Amino acid sequence: MTASCPYSPLARGGLCFFTSIVVSLCASLTALAAHPPELTGRIVDQADIIPAATRSTIEPKLADLETKSGIQLVVATVNSLDGEEIEPYANELFRSWKLGEKTKNNGVLLLVAPKEKRVRIEVGYGLEGTLTDALSTVIISNAIAPRFKVGDFGGGISRGVDDIISVLTTDASEWQQRPSLRVDDQATRDPLNWLIVAGIIALVTLLIVSPGFRWFFLNVALNILLNSGGSRGGGFSNRGGFSGRGGSSGGGGASGRW
Amino acid sequence: MPNIISRTCFALTIIGLSFALASCGYNTIPTLQEQAKARWSDVQNQYQRRADLIPNLVSTVQGYAAQEKSVLTGVVEARAKATQIKVDASDLTDPDKIKAFQDAQAQLTGALGRLLAVSENYPELKSNANFMALQSQLEGTENRIAVARRDYIDAVRAFNTALRTLPTIIWAKTAFAGEKPMAEFTANEGAQTPPQVKF
């Protein structure tokens with residue numbers, strides 16, 4: 001065993017020590033650096049302030065909202081904002097979770113940072129006209145902040161969610177438009193596929209027919225493979241059945257403190 | 001007969017070439033340029049939105065705090081100056097124009113900050129529903145401006161990087177030889193943080 005190893009036991013011990021230091025350093029660095037929570041469900045309670053009872057009453061409401069209107073409303077609590085203001089933090093979190101549908105940007109994020117005593121309703125582009133900044137402010141200052149002030153996080157979040165949902169669902173026209181939009185979406189996707197198929201057929205025929213093109217194409221194809229190798233990664237992982245659907249936000253909504 | 005074959009061959013080569021060009025990064029530069037221009041129009045829209053809120057805000061404050069004349073005229077003047085300066089998408093390569101735009105907007109941000117600061121002294125104004133709504137809209141707009149600016153800076157960075165790095169630099173030096181790098185905002189932290197409004 002030792003004979004096959006090129007290093008002396010002492011050197012191996014040193015190497016082991018060194019790597020363990022590096023590993024633990026890296027681990028502590030990542031723990032220190034911004035650690036935004038993962039989107040594990042419609043309620044992401046990293047700060048652990050939402051009582052189980054509240055959770056079980058809110059969760060079906062959030063799911064119901066999405067099945068009826070397509071709107072993704074997510075409640076998140078975080079341990080810390082990592083020294084950032086809540087506005088950029090909420091926007092980054094919203095964008096990394098991609099809340100709401102891609103074409104409609106109809107997502108809403110209710111973010112609570114109990115350590116900094118900050119709360120924010122971040123509204124996706126598509127809902128800025130419905131859940132306006134002024135309405136978000138009213139919800140925060142009337143429904144959420146007074147309850148948070150006395151330590152009632154469950155009650156504040158539950159009332160806040162109720163108010164947000166009632167604001168969002170008063171616009172009834174949104175609900176009826178949904179099925180038609182989906183049909184349009186599929187219709188526009190078909191011709192594009194046919195174009196790609198036609199292009200591939202043309203390419204293959206050319207490759208067979210013309211040796212000059214074959215030479216050219218092989219060189220180009222090699223180039224493409226070499227250049228785009230790095231950018232190809234980043235597969236889309238979808239755990240736990242809930243994930244954002246490509247929506248984005250431009251900083252709509254409001255924040256408050258308590 | 002062979003004429004037709006060579007013609008179809010030619011046409012197919014063109015199709016194949018355009019596919020190959022597209023995947024070679026020929027499209028990258030114009031795409032990134034258009035994205036940056038679109039992000040710029042977002043920036044301008046959000047600043048415009050802020051300017052649109054101001055007349056209403058000024059008249060509301062006037063109703064309660066007419067004696068704060070210098071602060072109010074400061075806002076009105078700064079707004080007039082800021083709305084005069086428009087930067088077209090074609091002027092984005094000119095750092096001076098961007099700087100003039102940014103300075104005028106920063107001045108308006110400062111004047112607005114002063115207005116909100118003095119309004120703290122008027123409890124009746126502070127509890128006015130109209131004023132509260134305007135305040136939250138203004139706060140929201142400042143936040144949207146911050147987001148739009150950040151997006152613009154990112155888009156410009158992507159475009160400028162494409163002009164200088166392989167493989168897109170090949171196209172930047174040939175087909176798009178006229179394209180110059182776009183100007184970024186000089187990060188002005190003071191102007192970027194929205195005025196803090198406490199309730």
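Just so it is clear: chains get the letters A, B, ... in the order the sequence lines come, proteins before strands, and each one is counted from 1. Since we're looking at a predicted model, the values are computed, not measured.
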Just wondering, do Val147(B) and Glu92(A) contact through their side chains at under 4.5 Å, heavy atoms? no
Hey, could you give me the OG1/CD distance between Thr137(A) and Gln137(B), rounded to the nearest 0.5 Å? 9.0 Å
Would you compute the distance between atom CD of Glu87(A) and atom CD of Glu142(B) and round it to the nearest 0.5 angstrom? 11.0 Å
Do Arg150(B) and Asn91(A) touch side chain to side chain, with heavy atoms closer than 4.5 Å? yes
For Ser136(B) versus Ala134(A), what's the shortest heavy-atom pair and its separation? OG-CA, 3.3 Å
Do Gln135(B) and Asp133(A) pass the side chain to side chain contact (heavy atoms under 4.5 Å, CB included) test, and can you show the C-alpha distance, the side-chain angles, and the key distance before you say yes or no? CA-CA 10 Å; Gln135(B) 228 179 2; Asp133(A) 299 356; over 6 Å; no
Is the closest side-chain heavy-atom distance between Asn143(B) and Glu85(A) below 4.5 Å? no
Under 4.5 Å heavy-atom distance to chain B, tell me which part of Ala202(A) shows up: side chain, backbone, both or neither. both
Take atom CD in Glu124(B); do more than 12 heavy atoms of anything else shown fall under 6.0 Å from it? no
Which portion of Asp151(B) sits near chain A, non-hydrogen atoms under 4.5 angstrom: side chain
